[in-house]
Amino acid sequence: MTRTGSILLSALAGASALLLIATSPATANPNAINPIPVLNGTTGLPNLAGRSRAIFQMTGMASPNNTQTYNVLGTDLGIMWDNGHGEMLTAFGDTAGFGLPNLLAGSAWAWRSNILLRSHTQDPAGGIFFDSVVRDVFGQARDLIPSPKIPFLEISRIPTAGISADGVQYMSLMSVRNWDDVGQWSTNFSGLAVSGDNGETWADLPETRRPNEGADANFQMNSFLKNGGYIYEYGTPPGRNKAAYVARVRESDIANLGQYEYWDGDRWRKNDVNAAVPIMGGVGELSVMYNDYLGQFISLTTDPFNSVVLRRAPSPAGPWSAPEVLIDTRELPSAYAPSIYPYQTGRDLYFLTTVHSQYNVVLMRTTL
């Protein structure tokens with residue numbers, strides 16, 4: 001770690017010339033980022049005046065987690081789940097650090113697509129602190145599932161969901177073919193990866209891939225919910241402002257696509273992805289959980305205006321309520337990918353949100 005920190009500090013001055021990169025609100029392309037505090041116009045947590053508060057900087061050079069020590073200067077997403085033993089795993093997406101830039105993909109940064117951090121934090125009120133990170137031989141946070149990072153082939157392999165099933169860890173990842181317009185991207189497929197050693201090593205599961213065609217295109221970005229012996233998979237097409245669909249499968253069959261059932265608006269239809277109908281509209285990256293305080297299922301996402309919104313439902317399939325704004329786009333126009341803290345916290349709801357203007361992840365709190 002000492003060697004990594006020294007490399008980071010010595011490279012900082014040389015990298016400053018590369019930081020004049022546009023930071024448009026929630027752009028799709030992760031290369032158009034500036035994660036260096038002050039130089040990107042940020043000097044602290046976002047000051048929110050509405051229903052939610054920013055309470056802790058999770059990642060980056062301004063974070064008490066000091067993620068720059070394992071070469072995570074900027075990252076996004078932050079998909080949290082319990083590993084089945086009381087430890088929280090968090091998968092982050094496209095990650096920027098110092099090193100060999102990926103110029104072919106238009107990036108000035110050394111770039112990884114999926115990294116994993118672990119935490120035993122029980123009370124997020126004072127922040128979430130990471131205990132360990134999956135590292136490479138140089139001590140840096142490393143790609144869990146590698147990708148060639150070549151435009152129009154596979155530019156990134158990004159985690160969209162994670163869950164523990166029968167003591168084994170699973171992630172759903174999307175294979176991004178190319179970044180398109182703001183908030184839109186093209187995928188090759190989505191699919192699962194599995195880890196039997198608490199996220200240290202991962203194996204791709206090609207038999208679980210859903211190509212970005214036909215009705216499988218509706219499950220390119222996913223969110224998992226465990227309830228009543230089933231794992232529910234909420235899916236959307238790639239990009240934001242899309243419809244959401246839902247499937248379910250017995251926990252032991254998570255890696256068997258033929259065992260999935262799809263909600264057709266009236267009942268569950270086994271092994272018939274074409275039967276799935278939209279359960280909500282105008283969503284981006286989605287996070288779903290049962291909330292004990294409300295006695296309802298809740299979902300977080302961004303709406304077509306890029307506000308972070310909450311919906312409620314009496315069952316995993318819905319019907320889902322109208323959206324309630326938790327963070328207005330006028331307060332934080334570059335917010336995206338809200339992810340719910342995976343443990344019950346009473347009336348306070350904690351969630352992570354990416355702030356693209358600083359290209360890092362922030363812990364938020366709202367009162368239900």
Side-chain angles (χ1 to χ4, degrees), residues 26 45-60 63-65 75-82 88-93 117 119 121-130 159-163 221-226 232 234 236 240 244 280 282-294 296-303 305-313 320-321 323-329 331-368:
L45 291 170
N47 184 18
L48 304 180
R51 184 172 171 180
S52 301
R53 295 290 181 270
I55 64 169
F56 187 76
Q57 184 79 35
M58 292 288 296
T59 62
S63 170
N65 281 312
T75 191
D76 73 347
L77 305 182
I79 298 150
M80 301 171 285
W81 73 96
D82 180 79
M88 189 180 77
L89 307 184
T90 306
F92 293 93
L117 284 68
S119 174
T121 296
Q122 297 296 311
D123 181 3
I128 297 173
F129 293 88
F130 295 119
T160 64
I163 201 159
M221 295 164 47
N222 298 302
S223 176
F224 289 139
L225 164 74
K226 191 184 295 188
Y232 290 82
Y234 296 84
T236 70
R240 303 190 183 110
M280 64 181 90
V283 307
E285 297 91 341
L286 191 62
S287 180
V288 184
M289 183 174 166
Y290 182 78
N291 184 271
D292 282 350
Y293 176 80
L294 295 175
Q296 294 178 302
F297 295 89
I298 61 172
S299 68
L300 294 188
T301 188
T302 48
D303 69 7
F305 305 101
N306 213 51
S307 293
V308 175
V309 297
L310 176 147
R311 290 179 173 88
R312 314 172 187 220
W320 289 91
S321 69
E324 308 169 30
V325 174
L326 300 187
I327 302 176
D328 193 291
T329 188
E331 293 184 277
L332 196 61
S334 67
Y336 67 96
S339 179
I340 303 170
Y341 181 70
Y343 305 104
Q344 300 295 332
T345 52
R347 191 179 181 187
D348 288 328
L349 176 68
Y350 293 87
F351 59 97
L352 303 186
T353 299
T354 304
V355 180
H356 191 272
S357 57
Q358 58 162 281
Y359 202 67
N360 270 299
V361 177
V362 173
L363 176 63
M364 304 289 185
R365 181 184 65 226
T366 194
T367 301
L368 297 171

Do any N or O atoms from the side chain of [X] and from the backbone of [Y] form a donor-acceptor pair under 3.5 angstrom?
X	Y	result
S334	S357	yes
S223	L286	yes
T354	A337	no
S307	T329	yes
N306	P333	yes
E285	T160	no
S119	F129	yes

Are [X] and [Y] packed together at the side-chain level, in the sense that at least one heavy-atom pair is separated by less than 4.5 angstrom?
X	Y	result
I298	F351	no
V361	L77	no
N360	Q57	yes
L310	L349	yes
T301	R311	yes
Y341	I128	yes
R365	T345	no
F56	P64	yes

Pick from Q344, R347, R312, Q296: which one makes a side-chain contact (heavy atoms from CB on, under 4.5 Å) with N291?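 Exactly one option meets the side-chain contact (heavy atoms from CB on, under 4.5 Å) with N291, and it is Q344.
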[X] and [Y]: which non-hydrogen atoms are nearest, and at how many Å?
X	Y	answer
M280	S299	CE-OG, 3.8 Å
L368	R51	CA-NH2, 4.1 Å
P159	G93	CD-CA, 4.1 Å
V355	P46	CG2-CG, 4.3 Å
T302	P338	CG2-CD, 4.2 Å
D82	Y343	OD1-OH, 2.5 Å

Distance, nearest 0.5 Å, that separates [atom1] of [X] from [atom2] of [Y]:
X	Y	atom1	atom2	result
L326	T367	CG	OG1	10.5 Å
L300	E324	CG	CD	10.0 Å
F224	I79	CZ	CD1	10.0 Å
Y350	M364	OH	CE	13.5 Å
I55	D348	CD1	CG	8.5 Å
L363	M80	CG	CE	7.5 Å

Please work out whether the ring planes of H356 and Y336 are parallel, tilted or perpendicular, with thresholds of 30° and 60°.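 Because their plane-to-plane angle lies in the 30° to 60° range, the rings of H356 and Y336 count as tilted.
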Could you walk me through whether L225 and F297 pass side-chain contact (heavy atoms from CB on, under 4.5 Å), step by step? CA-CA 10 Å; L225 164 74; F297 295 89; 3.8 Å; yes
Other residues, nucleotides, ligands: >12 heavy atoms within 6.0 Å of D292 CG: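 Buried by this count: over 12 neighbours within 6.0 Å.
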